[in-house]
Amino acid sequence: MKTITNPDYRKWIIWMASGGHCGFFPFAPGTVGSLAALPLAFGISFLPTTAAGVVLILFSVFSMWVADQAESISGCSDPGFIVIDEIAGMMFTLLGLPFDLGIAVAGFVLFRIMDIIKPFPIGYLESKIPGGAGIVIDDVLAGIVCNVLLRLITTIHPF
């Protein structure tokens, strides 16, 4: 593992990985990180879905790099303060859906459940892919699954 010594670089990486320090919340930091994603998801909801998808893919790749760097800085595997993965996953949950209170709440609850229980293959990917990619990919997949579920739910019962 590479040792990162520049204190300014370390601060920026930790700040980004922790979602602006949301990951240091004393309890449920993943939930706080998911909440922090809502303003970002609202912001990209004004983009065409294709453009928003490209932004999210780029954000996810960036998140993998940041999570990898944060893991190196912390010296431990998948430290709890890293919530940039929840931010990416939550934004995928709401991608291309109308951003309103009902959808946002349903998406948030659905994503948190999916992120906690990690059904196959979500949990499998997290355990098999090392580093920042493993930290982020399970949340992105959970977000995509939640997005599909939200689309099905809103087709049957509009909010």
Side-chain angles (χ1 to χ4, degrees), residues 1-2 4 6-45 47 52-97 99 101 103-150:
M1 200 175 277
K2 181 180 146 188
I4 299 167
N6 181 314
D8 291 332
Y9 180 81
R10 291 169 62 99
K11 284 180 190 175
W12 274 108
I13 292 294
I14 298 301
W15 185 81
M16 289 183 289
S18 67
H21 296 292
C22 291
F24 293 106
F25 202 74
F27 58 90
T31 299
V32 176
S34 297
L35 283 171
L38 292 175
L40 297 172
F42 177 70
I44 67 166
S45 73
L47 296 173
V54 169
V55 167
L56 286 185
I57 289 168
L58 293 173
F59 181 79
S60 297
V61 171
F62 176 73
S63 297
M64 291 176 193
W65 177 79
V66 167
D68 198 60
Q69 296 295 298
E71 200 174 48
S72 291
I73 290 167
S74 73
C76 57
S77 179
D78 197 2
F81 71 84
I82 297 177
V83 297
I84 197 168
D85 53 331
E86 274 85 7
I87 293 170
M90 189 66 218
M91 290 195 307
F92 269 103
T93 297
L94 300 173
L95 176 65
L97 293 164
F99 196 96
L101 184 60
I103 298 278
V105 170
F108 174 79
V109 170
L110 196 56
F111 177 73
R112 291 310 304 145
I113 291 168
M114 192 71 61
D115 190 37
I116 291 166
I117 64 172
K118 298 186 189 303
F120 183 83
I122 296 166
Y124 178 79
L125 285 176
E126 180 184 43
S127 68
K128 294 298 180 189
I129 301 173
I135 292 170
V136 175
I137 197 70
D138 69 306
D139 291 277
V140 167
L141 182 55
I144 292 168
V145 169
C146 290
N147 186 287
V148 170
L149 290 173
L150 271 175

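Values in this document were obtained by computation on a predicted structure and should not be read as measured data.
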Atom of [X], atom of [Y] and distance for their closest heavy-atom approach:
X: A106; Y: L150; answer: CB-CD2, 3.8 Å
X: P121; Y: L141; answer: CG-CD2, 3.8 Å
X: G80; Y: P29; answer: O-CG, 4.0 Å
X: C146; Y: M114; answer: SG-CB, 3.7 Å
X: A70; Y: I13; answer: N-CG2, 3.5 Å
X: C22; Y: G19; answer: SG-O, 3.1 Å

[X] [atom1] to [Y] [atom2] distance, which is reported to the nearest 0.5 Å:
X: I73; Y: D68; atom1: CD1; atom2: CG; value: 10.5 Å
X: M91; Y: N147; atom1: CE; atom2: CG; value: 13.0 Å
X: K11; Y: N6; atom1: NZ; atom2: CG; value: 10.0 Å
X: I122; Y: Y124; atom1: CD1; atom2: OH; value: 14.5 Å
X: I135; Y: I82; atom1: CD1; atom2: CD1; value: 4.0 Å

Student check: side-chain heavy atoms of F111 and L94 closer than 4.5 Å: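 SC-SC contact between F111 and L94 ruled out.
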
Listed partners of [X] passing side chain to side chain contact (heavy atoms under 4.5 Å, CB included), at least two apart:
X: I117; answer: I113, P119
X: A133; answer: M64, I129
X: V55; answer: I44, L47

Pairs meeting criterion side chain to side chain donor-acceptor pair (under 3.5 Å) with involvement of [range], two or more places apart:
range: residues 12-31; result: T31-R112
range: residues 79-95; result: none
range: residues 57-66; result: none

Pairs meeting criterion ring pair (Phe, Tyr, Trp, His ring centres under 6.0 Å) with involvement of residues 71-94, two or more places apart: F24-F81

Counterpart residues, ring pair (Phe, Tyr, Trp, His ring centres under 6.0 Å), relative to F25 (two or more places apart): F27

Report all side-chain donor-acceptor pairs from residues 35-43 shorter than 3.5 Å, counting only partners two or more places apart or in another chain.
none

Partners passing side-chain hydrogen bond (donor to acceptor under 3.5 Å, both in side chains) against D78 (at least two apart in sequence or in another chain):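 Expected list: none.
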
Residue pairs, two or more places apart or on separate chains, that pass salt bridge (charged side-chain N to carboxylate O under 4.0 Å, His left out) and touch residues 135-146: K118-D138

